[in-house]
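Remember, predicted model here, so these are calculated numbers, not experimental data. Naming convention: chains lettered A, B, ... in sequence-line order (proteins, then strands); numbering from 1 in each chain.
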Amino acid sequence: MKQYFTRKLFIYLLTFFIAVTIDWLIPRFMPGNPVQVLLARASLHAEAAKEMYSYYTKAFGLDLPLWKQYLNFWIAIFHGDLGTSILLFPQPVIKIIIRAVPYDIFLLLPSILLSWFAGNKFGAFAARTKWLDNTVLPIGYILTATPYMWLAILLGWVLAMVFPIFPLAYASSPAMKLSFSWIFIGDYLWHWILPFSSLFLVMFGGWAIGMRNMIIYELEADYSHYLEALGAPRKLVRRYAFRNAILPQVTGLALQLGIIMAGALVTEVVFSYPGIGYLILGAIQNQDFFLIQGCFLFIIIEVLIANFLIDVLYIIIDPRIRIGMGGKSA
Amino acid sequence: MSLKVKNLKVYYQTLRGDVKALDGATFTIEDGEIMGLAGESGCGKSTLSNSLILLKPPMRFVEGRVELDNEELPIWDMEKMNHFRFKKISTIPQYAMNAMNPIRKIGKMVSEILKSKKVDYKSTLPELKRRLDLVELSHDVLNMYPIELSGGMKQRMVMVLSTLMNPSLLMADEITSALDVSTQKAVAKMLVEFRNRELVKKLMVITHDISILYQIADSIMIMYAGKLAEKAPTSVIINSPRHPYTKLLISSLPDIGVKYSQRKLTGIPGKPPLLLDPPTGCRFRERCPVAFQKCLNEEPPFMEIKKGHFIACWKEFEKNA
Amino acid sequence: MTKPKKRINEILYFALKNKRLRVGLIVVLFFLILAFVGPLLTHYQWDAYVGPAYHPPSYEYWFGTTTFGQDVFTQFILGLKASFLVGIIGGGIGTLIGVLVGFTAGYHGGMIDEFLNMLTNIVIVIPTLAILLIISVYLKVRGVLIESIFIGFTAWPWAARAIRAQTFSLRSRDFVDLARISGIKPLKIMFTEIAPNMMSYLLMTFILQFGGAILIAATLDFIGLGPTNAISLGLMMNLAVLWGALPLGMWWWFVPPGAAIAAIVGALYLTNVGLDEVFNPKLRKL
Amino acid sequence: MLELDKISKVYKTGTFGGKKLLAVNKVSFEVKDGEVISLIGESGSGKSTIGKMILGLISITSGTIRLNGVDIATLKGGALKNYYRNVQGIFQDPFSSYNPVFKADRIFRIIREEFFPEIKIDEWNKKIDSSLRAVGLNPNEVLNKFPHQLSGGQLQRFLIARALLLDVQFLVADEIISMLDASTRIDVLNLLAELKSRGLSILFITHDLSLGYYISERAMILYRGGVVEMGSTEQVYYHPLHPYTKMLIASVPRLDKKWEEVEGKLKAKHSELSTGCVYYERCLFADKDKDCAKRPPLIEAESGHFVACSHYMEVNKGV
């Protein structure tokens, strides 16, 4: 188990290292001079432009040898210095991101967890129940095949435009000030429900289908047949199958995180929801390199942490890893 | 009290039609009897044992009657059979090594199964521990996961669990074939011990290894191509078999002390018929050295020629007549 | 002698009998035909201003027009074509890399496996969209082809994982050993002994990669990082949102592209489950 | 002649090879031309590992295997191919030995492609015919069929016919009949015995002592990677010296007499390296204070009969 952990940790560190390197490499080695591009976009008057040019040249450290630039990049990261945003000049990138992150967390965490639980429960329930398998599951296939933004657009159109029940944009009413009052929380939830639902529904379909396929295999496993031979009630047999089928679904969660992040991104774009996804869009449109780099870094960190938590969870629920690790093969 | 099977037919459904895997079996196992069931692969011995406890698609019940201790078993009804499974009739399956849920502690699993059968785990625990002692398993196994046990240990654990409710009939399907000779011997002897202590009343031991049956069984039943060929007390089957198939089968078994250079054994030429569309008459006739006209047209019945000795062979009936 | 035929017949029998497979294939085929026959039905350019703006579907403009009076049907048909292109190229590349990595890792085992496994894990953990995003930002001109290639190069890990596991289990089968003691070289063994046993599996992997590539492309296009010189279903949704289709209630602009993607990808997934039931006797119900 | 000189196999298990498993421990023996040797042991004893090392399917950790004096580890390319011309193997599971998507006779085609591309197809077909007949198969019945259309016995004979096509000198037969039905088992066994009379050497790997006795001149008993007893089959079966051999023989289900009461303990086997006698935990004679704490050497107890047991040495001291 210890070995399992060290191995995982090693991979995470390596991944982080590679990701940061990519993050550093790209603006430097892509065609064109990023600083020029930046300034062209910023369209400032000549004097400011000159000042900006020297500022960015310094910030990118383009006058230093490559290894030094790279080293400085790492040092800066560990100092939480991700540069200054152009889009929201002169705010530091780190500040902008930290402001956006809570919106992401409160949107993503509930939608991922709830859809995972509900989807798995439902998938297990529908498997080998003929009418459900034939009626409800096809909906699951459609849901999981639906592009996140399309469902978001549809929900927005139907529930915000055709029937104006929910607001179409932003995380709270523009007039509302961020506070811990009930009014604010109510307003926040009011804005939260559509992005949440669209994320929830797409993921729900995926988990339900996955569980359905998984549990059908488990119900054909030897241990299921043995339970049946001992006359165990259907309920017990299915419960055991569920417990086994849920393990690959946990791994599935880890594998899906990247895609879920992408889904969250476009959902935020549709609803102008001020999380990192929305930020990225703005950053792309304004060629705000520092902000893009910063957002990328944060997504990496979020995914890595989530992956790590899932790994820990996996060890808790699968005794085979706790006990077996290595050894028994050959 | 006994197990009485009358004209049991169970087919396998396939695309090309029904495979007549078990085509009319009539036999009895008395209390205290260990009956060995042998035959080559595909002869229907597993179909017979499976159909008695867990008859589900692609298996299809065709006809027949099964009586256990004077009570009819509704083997065609998955739900109703639950009433008998585990308590009256139980099995140690062929796949005993994989029979336990890999992610459940063994004790927990046992308690859950018992609970589902409305049996109290706590009050059963002392007996469970006695049984573990009997098969030389430490009580600690209850706190372990199946992966922590070796193959032989898992098999013994399944033996204990399957027999915990003192079933009247226990079926053991090829449980020794994957084991080393030393473990094989121990496991086989445990089955006898279970019977001797009356933890199970009667046993059906399915194997392709007749020499094991010689060691532990009271009677042996030989199957061929979905039909019963011969049933008799063990010593009779081994020393004076009557059915030509049994004779050939026994004589093809190498034993320690037999050497190719001194005594060359021979197998049975030919292949068993396909059961999708079995031939008329005796199913063994194509490989049989003594087959004659009658075997071609008429199917020999499974008849008692001496007390406790049943065969299905026209030639032998003729001799006997 | 009739057996090989019988085996194929059996598979065909189950394939034709399988409702999921039938429905899935019919839907995919429908859109495929639409994508290739469609261009004949329209004489507009996708970006030409051909008619009145804000025009709902009509006889003249089947799917209505955009805020600027472009024909939505034309955009839709061309977008559909682009989606299939991305699916085939992106999914194809993803499958190919997955197969190469998975095969090599599974067959060789040892250090090579250890290394490839690590690589796979890393690519899985790094959110590939983020990478695609960054790369796309810096590429001035992007076509469907480039996009597909990028998608293929980032989508392979789970295919590699699955194929590695399959190869691993096949490799330990005796017939591979027999081939080795027949003096056959490892590369030849991979292609003549192992690969033929995985055809159904490869097909299913490709189908999933195909669907996945379409979805990723739609996401990229939607953020405006798709092809700069062509229309796509994702881009249609992007434009619709950008130019106020929502507040203006121009449902004909954003419903068809998303619906098509959902239908195609959903049908692909359905086909996949159907194939699984056909190839895997355990899941068959008579 | 095939010689094994102190060969060992260590498996690295666990991630990054953290643990080590000694599957075969310094095993030495030789198989003379035209000799059948039985290698007997339970699962996990390393018997199949030895067979696979001889076939070059897994690497040898230490020690050398020599065919007619040539170290097989040095063989590459053409020389290796030539080795396979002389040394072949047949495995336990007949169904797994065939690629299920191809017809069974593809194994013959491969032999021609790889070894005899110069032989004309007509001539080759004649050769196939005659070797099939040699193994008791009717070519018309078995050619052009898929593996699942043939029985296990037929498939195993196919493999023997394949070896005949190659004109092999040495055959590794790894549990080749354990998955066959009793009625066809003996025929395959007889076939092996006939091959011997053609001058073939056979390493017969089995867990079944009676089968080993039936066809071989010499027997080797393997326990946890090491040879515990070796000698002529008569010596080993009728005068077993090692307690493990005795226990094994007593456990064989026989048809002529019921099981004897020689009890072996059902203790779990474990696999880590230990310095003492491998059989220590299960042995009825083991004594901690005696030499059992050290690994006993394989000593010659009588002419050609070797045993590795401290207890035996103790009892027969000075004899």
Of the backbone (N, CA, C, O) and the side chain (C-beta and beyond), which part of D:Q92 lies under 4.5 Å from a heavy atom of chain C, both, or neither?
backbone

Determine whether more than 12 heavy atoms belonging to other residues, nucleotides or ligands lie under 6.0 Å from atom CZ of C:F153.
no

For D:L80, which atoms come within 4.5 Å of any heavy atom of chain C: side chain, backbone, both, or neither?
neither

Taking side chain as everything from C-beta outward and backbone as N, CA, C, O, which of these in D:R162 sits under 4.5 Å from a heavy atom of chain C? Side chain, backbone, both or neither.
side chain

Does any part of the side chain of C:I181, heavy atoms only, come nearer than 4.5 Å to the side chain of D:F91, both counted from C-beta?
yes

Does the side chain of D:P100 reach to within under 4.5 Å of the side chain of C:F175, using non-hydrogen atoms?
yes

Taking 4.5 Å as the heavy-atom cut-off, does anything in residues 187-195 of chain C contact chain D, and if so which residues?
C:K188, C:T192, C:E193

Using a cut-off of under 4.5 Å on heavy-atom pairs, state which of D:K52, D:Q88, D:E114 scores highest against chain C.
D:E114

Which bit of D:F102 comes within less than 4.5 Å of chain C, counting heavy atoms only: side chain, backbone, both or neither?
side chain

Quick check for you: to the nearest 0.5 Å, what is the distance between D:R85 atom CZ and C:S182 atom OG?
12.0 Å

Which heavy-atom pair separates C:P196 from D:V101 by the least distance, and what is that distance?
CB-CG2, 3.8 Å

Less than 4.5 Å to any heavy atom of chain C: does that hold for the side chain of D:F95, its backbone, both, or neither?
neither

Honestly, the part of D:L159 sitting under 4.5 Å from a heavy atom of chain C is side chain

Let me know if D:I90 has heavy atoms under 4.5 Å from chain C in its side chain, its backbone, both or neither.
neither

Among C:I184, C:D177, C:L178, C:D174, the residue with the most heavy-atom pairs under 4.5 Å to chain D is C:D174

Main-chain N/O of D:S97 paired with C:R173 side-chain donor or acceptor, under 3.5 Å
no

